[in-house]
There are 2 protein chains.
Amino acid sequence: MIEADPAVTVRRFNRSYTQRIGALEDSFLGLGLPLGATRLLFEIGVQPATVQTLRVRLGLDSGYASRLLRRLAEDGLVEVTADPADRRRRVASLTAIGRQRWIELEARSDAKARALLEPLTEHQRSRLAACLTEADLLVRAATVTFEEVDPASPAAREATGMYFAELRHRFDFDDAGLDRRDAQALRPPGGVFVVAVSDGEAVACGGVQTIGAGVGEIKRMWVRETWRGAGLGGRLLRHLEDCARHLGSLVVRLDTNEALTEAIGLYERAGYRPIGRYNDNPHATHFFEKPLA
Amino acid sequence: MIEADPAVTVRRFNRSYTQRIGALEDSFLGLGLPLGATRLLFEIGVQPATVQTLRVRLGLDSGYASRLLRRLAEDGLVEVTADPADRRRRVASLTAIGRQRWIELEARSDAKARALLEPLTEHQRSRLAACLTEADLLVRAATVTFEEVDPASPAAREATGMYFAELRHRFDFDDAGLDRRDAQALRPPGGVFVVAVSDGEAVACGGVQTIGAGVGEIKRMWVRETWRGAGLGGRLLRHLEDCARHLGSLVVRLDTNEALTEAIGLYERAGYRPIGRYNDNPHATHFFEKPLA
DNA sequence: TCATTTATCTGACTATAGTCAGATACTCCT
DNA sequence: AGGAGTATCTGACTATAGTCAGATAAATGA
């Protein structure tokens with residue numbers, strides 16, 4: 001039962017699983033609506049959103065989306081109103097009847113999942129849940145995309161906001177003025193800021209700045225708590241090192257606080273060696289350096 | 001990160017996974033054939049089969065399947081010939097060009113799977129493979145269907161054939177005449193024979209016969225080796241006990257050989273208690289009984 | 001202010017997916 | 001041999017999915 005090639009395992013799983021779980025998708029039917037309309041209804045139910053957001057999320061053509069929405073509106077399931085902030089945009093939300101249908105849909109989907117689990121013992125169910133949770137985390141981690149953004153952009157501010165919040169929580173940290181001071185350094189030509197995005201959500205971030213001839217510094221590296229243990233930190237670190245290389249660095253440094261033990265472990269595993277203090281950062285207690293091969 | 005409800009985990013996984021892996025299905029496209037035709041081409045490539053088999057496997061309407069096949073034949077990708085054994089049936093197989101396309105399809109699908117794994121470390125890949133393998137086994141086990149068949153039917157003979165082969169392998173067993181002798185007892189009205197089927201393949205079997213007033217006996221219980229550890233034996237046993245109840249049994253007995261340690265463990269966990277020899281089966285060394293509540 | 005860009009909608013399409021009622025050719029059973 | 005049943009095919013449909021080129025209205029920037 002030991003499979004040498006993970007790719008083969010992935011393919012076998014996909015084939016077997018989708019065949020069996022295809023039935024789960026059937027729960028989208030039986031409401032008297034075609035699949036496309038039902039997917040849209042479901043998506044609106046999760047969270048009212050602008051037409052554009054829905055289109056991107058479901059990968060729909062603009063004309064097609066418009067028609068589906070009109071159909072749902074005609075059936076009295078959704079309401080489409082202009083967004084007061086930008087009257088070009090239109091926001092779709094469920095009506096009372098639509099909400100009711102959505103709840104039906106949820107119940108149906110839930111019932112299907114329960115029916116799948118029903119023949120299993122308690123122990124097997126929790127094994128399955130554990131396997132799927134771990135697989136999900138790994139697959140999510142594998143499909144994260146790294147995006148180079150301006151440190152002042154909303155995505156970057158969202159990520160650094162969470163980063164600073166965590167630092168405040170873990171040790172005596174004060175970020176007064178940091179944002180403005182660093183933002184300049186973490187953008188081209190001397191630096192970059194990278195946000196890791198999954199499902200449109202920032203799940204990790206990090207930046208590089210040049211602090212001397214051939215010397216780069218990694219700053220603000222952070223991984224969302226729910227995403228730790230998936231190797232995302234290591235990947236991000238390698239990515240940032242590549243960025244530093246492109247910026248002309250031959251060696252890369254970083255500082256951190258003794259409270260951030262996982263981070264210190266990560267740096268050590270990645271080949272960083274402790275060095276003496278190289279800056280006057282009051283929050284830093286540990287300093288590392290790594291030559292870029 | 002601990003999820004109380006496995007059904008929620010299953011649903012979240014499905015949503016997240018299919019969204020990311022949907023791209024895998026895209027590999028079916030880009031050959032210049034529509035999805036349906038490509039699925040059919042792929043299935044024929046796995047193993048040439050009769051039109052009917054293909055139809056069942058892919059869940060196609062007969063007219064639709066016929067048309068898709070004709071299109072593939074017109075494109076020179078498949079050959080459809082009458083089955084010499086039954087000239088109503090037609091067998092589809094790939095032509096040289098079709099085989100070439102199929103290999104392309106495989107390569108494409110493989111590349112997608114590898115691209116998914118590419119960002120992961122070696123360790124993470126094997127973790128993912130292990131999770132998916134276990135999840136797959138559990139889901140397969142959960143979706144096995146129990147079918148009551150005649151013990152002389154091809155499906156039953158296939159299963160008992162494998163059962164006897166295993167007995168011969170594990171201890172000094174001789175099945176001379178057993179097939180005919182038992183076949184009579186394992187069919188209605190006094191008995192039943194059940195085959196567990198997954199993907200059209202027999203993966204477990206077992207029978208019940210009546211050996212006295214209110215006394216049933218479980219016979220020929222077997223689970224395919226690759227399917228052990230998924231709780232299928234326990235489910236089958238419970239199913240057979242239900243069958244015995246329906247046949248009017250108040251108590252159910254069974255015998256087994258000391259070499260079959262997993263089976264003995266299963267019976268003990270299921271509430272079977274050792275009793276003295278109740279028959280003259282020369283291969284039996286252990287005898288069990290359980291009252292049916 | 002006016003040209004540009006953006007968000008959405010409309011109309012006019014095409015192809016795919018899928019269904020259903022027969023028709024046809026073959027097999028099996030008595 | 002002949003009737004019942006089976007496997008497949010054909011013709012005639014419908015609806016869904018999806019595409020594309022504009023049209024329209026609101027926002028944006030020089």
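All values derive from a computational prediction rather than experimental measurement.
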Would you mind listing every ring pair (Phe, Tyr, Trp, His ring centres under 6.0 Å) that reaches into residues 185-210 of chain A, with sequence neighbours excluded?
-> none
Could you list all the ring pair (Phe, Tyr, Trp, His ring centres under 6.0 Å) pairs where at least one residue sits in residues 68-104 of chain B, not counting sequence neighbours?
-> Phe42(B)-Trp102(B)
Of residues 66-92 of chain A, the positions that come close to DNA chain D - non-hydrogen atoms, cut-off under 4.0 Å = Arg67(A), Asp86(A), Arg87(A), Arg88(A)
Test: Glu104(A) and Arg108(A) ion pair at under 4.0 Å = yes
State plainly whether the residues Glu106(B) and Arg11(A) are in salt-bridge range, i.e. N to O under 4.0 Å.
-> yes
N/O donor-acceptor pair under 3.5 Å between Thr38(A) side chain and Pro34(A) backbone | yes
By side-chain contact (heavy atoms from CB on, under 4.5 Å), which residues pair with Asp75(A), not counting sequence neighbours?
-> Leu33(A), Arg71(A), Leu77(A)
Sequence neighbours excluded, which residues qualify as salt bridge (charged side-chain N to carboxylate O under 4.0 Å, His left out) partners of Arg57(B)?
-> Glu43(B)
Where chain A begins and ends its contact with DNA chain D, read 5' to 3' at 4.0 Å from heavy atoms | dT16(D) to dA27(D)
Would you say Arg87(B) has more than 12 foreign heavy atoms packed within less than 6.0 Å of its CZ?
-> no
By nearest nucleotide on DNA chain D, pick out whichever of Ala37(A) and Ser62(A) is the more 5' one.
-> Ala37(A)
